[in-house]
Visitor: 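Pasting a structure here, questions to come.
What you see is a predicted model, and the numbers here were worked out from it, not measured in a lab. Just so we're on the same page: letters track the sequence lines, and every chain starts at 1. Heavy atoms only: backbone and side chains are in, while hydrogens, waters and symmetry mates are out.
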Amino acid sequence: MDVSDLIDPLNPAQREAVSAPLGHALVLAGAGSGKTRVLTHRAAWLVRVEGATPWNLLAVTFTNKAAAEMRGRIEERLGISRSGLWVGTFHGLSHRLLRLHWQEAGLPQGFQILDSEDQRRLVKRIMRDLELDENRWPVRQLQGFINARKDAGERAEDLDSADPYTGQMARVYAAYEQACRSAGVVDFAELMLRTVEMLQNHLELLGHYRRRFRHVLVDEFQDTNGIQYEWLKLLAGPESDVFIVGDDDQSIYGWRGARVENLERFRKDYSNTRVLRLEQNYRSTRTILDAANTLIARNSDRLGKKLWTEGEAGEPIALYAAFNEQDEARFVVERLMAMVDEQGLARSDIAILYRSNAQSRTFEEALMARRVPYRVYGGLRFFERAEIKDALAYLRLMANRDDSAALERIINTPTRGIGNRTVETLRIAARDQGISLWAAARGLVTHGGGLPARAGNALRAFLDLIDGLAADTAGASLPECMETMLTRTGLRAHLGKDGSERAQDKLENLDELITAAGNFEQDNTAEAEMEPLTAFLAHAALEAGEGQAGAWEDCVQLMTLHSAKGLEFPVVFLAGLEEGLFPHRMSVEEPGRLEEERRLAYVGITRARQQLLISYAERRRLHGRDDFAIASRFIRELPPALVDEVRARFSVTGPTAAGTGPGEGAATATEAEFGLGERVQHSRFGEGIVLDCEGNGPNARIQVNFNSAGTKWLVAAYANLERI
DNA sequence: AATCCCTTTATTTTT
DNA sequence: TAAAGGGATT
């Protein structure tokens, strides 16, 4: 059998992983070590060498993008398409299982999925019903609590209600679950938990899948949470082999429940696990890898891994100490423009990475001022836009009248005379009778019940509108159905009624929704059994779409470090490396959280192929306040020999520029003597803090804020300042 | 029902 | 600073 196409392109470590004998394997794959290739080749190997069929494989990822890529590459290696291969995200696969076995799962056939925003609205609704003070019990906190409990596999009744605090939250959890049940909806965490419970309670199903999935492959294992680990342990039975790939050094989602310990746990739970390491890196220069290795070596409890390359040392890492965030942006943009103009680099080869989203603004302004095309990743996704969610809420209600969350969203959008009073009456009736809002409305309209005539008429008109739409669009195609809905509900007219640009955007988004519905293909067995509308709504919830349009243009890429994971760029600007910002002040206290910040820095550094440029600002305007900052400890943790300090503000000539490490070399004597923020003593003005330095040599001036004498510029040579 | 004004809050995010 | 949400006002 010729498997040279699977084996030849691999290095020895990759080869060992791909062709490992059957059994469990844990592949510790460093950044840029070819883990996706190993995973896909392993899948193909199992079929072509070990005699598995695609039907025997289960491949799990975290994002839809990764799932699509893996499916494509496995099918390519196998020369097949549309086989019985199950590749998907944890949530996508759970969804599929629940659709196939909705009865066993105790769900209505047309159940729908709540996204985070839907969930938050619902939790808020519940808390108002329970008359909880939202200041004492923030909604987001309750939402986080519920999700965290579900991620740990716990139901409300599993919680310790003796503790008053937990007890109160458990009450909300229970009421929320009840509301989800009666509306026939599930949230993201519920997809996982419900699947686990279903398999535990239906051993015949469990046995079936365990017999089927002889080979389970998992990507990004360091990102799994408690329930995902349980899910895997269930589906991979005693006869199955589990092949997992992960990198403890790239675990950056601990704050949302990911458990790096699952890597170790796996090794204990699955006996005879073969542990393999992929340490050869094909992405970055030696300089970049050395920097990354040195930085991450400071973390404790690592599984241990050291990246190496056969490639060139490459450019040193550039470090720029900016005066403020605008100077930082100016430096970044001027540098990248020079690279594009002089080295012929594509703009899309350049990324600006930062710790928090708020930092993007300054870069956007600088880029815009110089007319450099750019793209900011993150932000609102297509299916999360308000107008799209309004439209989807109508569709959800058409598919399932009991979806009270959807009803609440659009019952008075556009305004149709159903105000808060009326809706409140509905809520009370629904709660008292234990029925959905729709059923309550139906009851009030048909039997009367204290509604003013005008409200009753408006409510009847609404009920008739939805019923009429559902009846008239039965059998219509999805786009036709949407078109009818948008017109008859008045939603389109409502959204477009002021002719503003914003309104125009919304109308265009609605058109795009219709297009998306037209392009939507039901492509798997579970969905084939579903109503097209139900399938489309699930698709909208599970795959929220792209963040920003404009990807076709050759754009500079702006994103947070978190969203950069998994990507690579020839040139990376890592901005805002300041204490308090990165590492973030909220994470510096706890050692564990600080180490996660360090891993984030490691992820950022290892995104760069050729060149890495790091910057920080000595003062930064944040929340309307100008603050002084000192360079991030992560800068100090890099090997000085690999870092070239750029001092664009001062044209430095002469022998003082000869050194190399940060803090010397290009830095002037003055700067070496007095760091920003340092406390100094002056013979006349007393104590003060160094704010700024300018110039070098005998002309150097230094700005000091004195406790009593105020802020002054002094000539360093004459000032005779003493460090305190 | 729309508008204004005040308070609050500001890390990271996929499903 | 600035954005978003909530409450009160018109």
Visitor: Is the cationic atom of A/Arg96 (NZ for Lys, CZ for Arg) positioned less than 6.0 Å from the six-membered ring centroid of A/Trp86 and within 45 degrees of its normal?
Guide: yes

Visitor: Walking along DNA chain C from 5' to 3', note the first and the last nucleotide with an atom under 4.0 Å from a heavy atom of chain A, and give both.
Guide: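 Going 5' to 3' along DNA chain C, contacts run C/dT1 to C/dG6.
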
Visitor: Does A/Tyr176 have A/Arg125 sitting over its ring (NZ/CZ under 6.0 Å from centre, angle to axis within 45°)?
Guide: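 No, a cation-pi geometry is absent between A/Arg125 and A/Tyr176.
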
Visitor: A quick test of your reading: do over 12 heavy atoms of other residues, nucleotides or ligands sit less than 6.0 Å from CZ of A/Arg155?
Guide: yes

Visitor: Which class fits the ring pair A/His539 and A/Phe520: parallel under 30°, tilted 30 to 60°, perpendicular over 60°?
Guide: tilted

Visitor: P atom, C/dG5 versus B/dT12: distance in rounded Å?
Guide: 16 Å

Visitor: Less than 4.5 Å apart, any side-chain heavy atom of A/Arg259 and any of A/Tyr253?
Guide: no

Visitor: Can a donor-acceptor pair be found between the side chains of A/Glu328 and A/Ser615 at a distance below 3.5 Å?
Guide: yes

Visitor: Looking at A/Tyr602, I'd like to know if the NZ or CZ of A/Arg599 sits under 6.0 Å from its six-membered ring centre while staying within 45 degrees of the ring's axis.
Guide: no

Visitor: What about A/Arg593, does its side chain sit under 3.5 Å from the base of B/dT12 through a donor-acceptor pair?
Guide: no

Visitor: Whole angstrom is fine here: how far is it from CD in A/Glu590 over to P in B/dT11?
Guide: 16 Å

Visitor: Determine, stepwise, if the pair A/Gln359 / A/Leu581 fulfils side-chain contact (heavy atoms from CB on, under 4.5 Å).
Guide: CA-CA 10 Å; A/Gln359 289 168 257; A/Leu581 185 60; 3.6 Å; yes

Visitor: Rounded off to whole Å, could you give me the CG-to-C1' distance for the A/Leu594 and B/dT11 pair?
Guide: 14 Å

Visitor: Rounded off to whole Å, could you give me the CD-to-C1' distance for the A/Glu596 and B/dT11 pair?
Guide: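 Result: 11 Å.
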
Visitor: Using a strict threshold of under 4.0 Å (side-chain N to carboxylate O), is an ion pair present between A/Lys150 and A/Glu154?
Guide: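 The answer is no: the pair does not qualify as a salt bridge.
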
Visitor: Could you check whether A/Arg375 makes a cation-pi contact with A/Tyr377, meaning its NZ or CZ is under 6.0 Å from the centre of the six-membered ring and within 45° of the ring axis?
Guide: yes

Visitor: For A/Leu558 and B/dT12, give me the distance from atom CG to atom C1', rounded to whole Å.
Guide: 16 Å

Visitor: Show the distances under 3.5 angstrom between N or O atoms of the protein and N or O atoms of nucleotides 1-4 of chain B.
Guide:
from	atom 1	to	atom 2	distance (Å)
B/dA1	OP1	A/Asn412	ND2	3.1

Visitor: The test is side chain to side chain donor-acceptor pair (under 3.5 Å); show your working for A/Glu220 and A/Gln222 and say whether it passes.
Guide: CA-CA 5 Å; A/Glu220 305 274 24; A/Gln222 77 282 354; 2.8 Å; yes

Visitor: Which atoms of nucleotides 13-15 of chain B (N or O only) lie under 3.5 Å from a protein N or O atom, and what are those distances?
Guide:
from	atom 1	to	atom 2	distance (Å)
B/dT13	OP1	A/Thr560	OG1	2.7
B/dT13	OP2	A/Asn357	ND2	3.2
B/dT13	O4'	A/Arg256	NH1	3.4
B/dT14	OP2	A/Arg381	NH1	3.4
B/dT15	OP1	A/Asn64	N	2.7
B/dT15	OP1	A/Asn64	ND2	3.3
B/dT15	OP2	A/Arg381	NH2	3.0
B/dT15	O4	A/Ser116	OG	2.6

Visitor: Once you apply a heavy-atom cut-off of 4.0 Å, does A/Arg625 come out as touching a base, just sugar-phosphate, or nothing?
Guide: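 A/Arg625: no heavy atom of the nucleic acid under 4.0 Å.
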
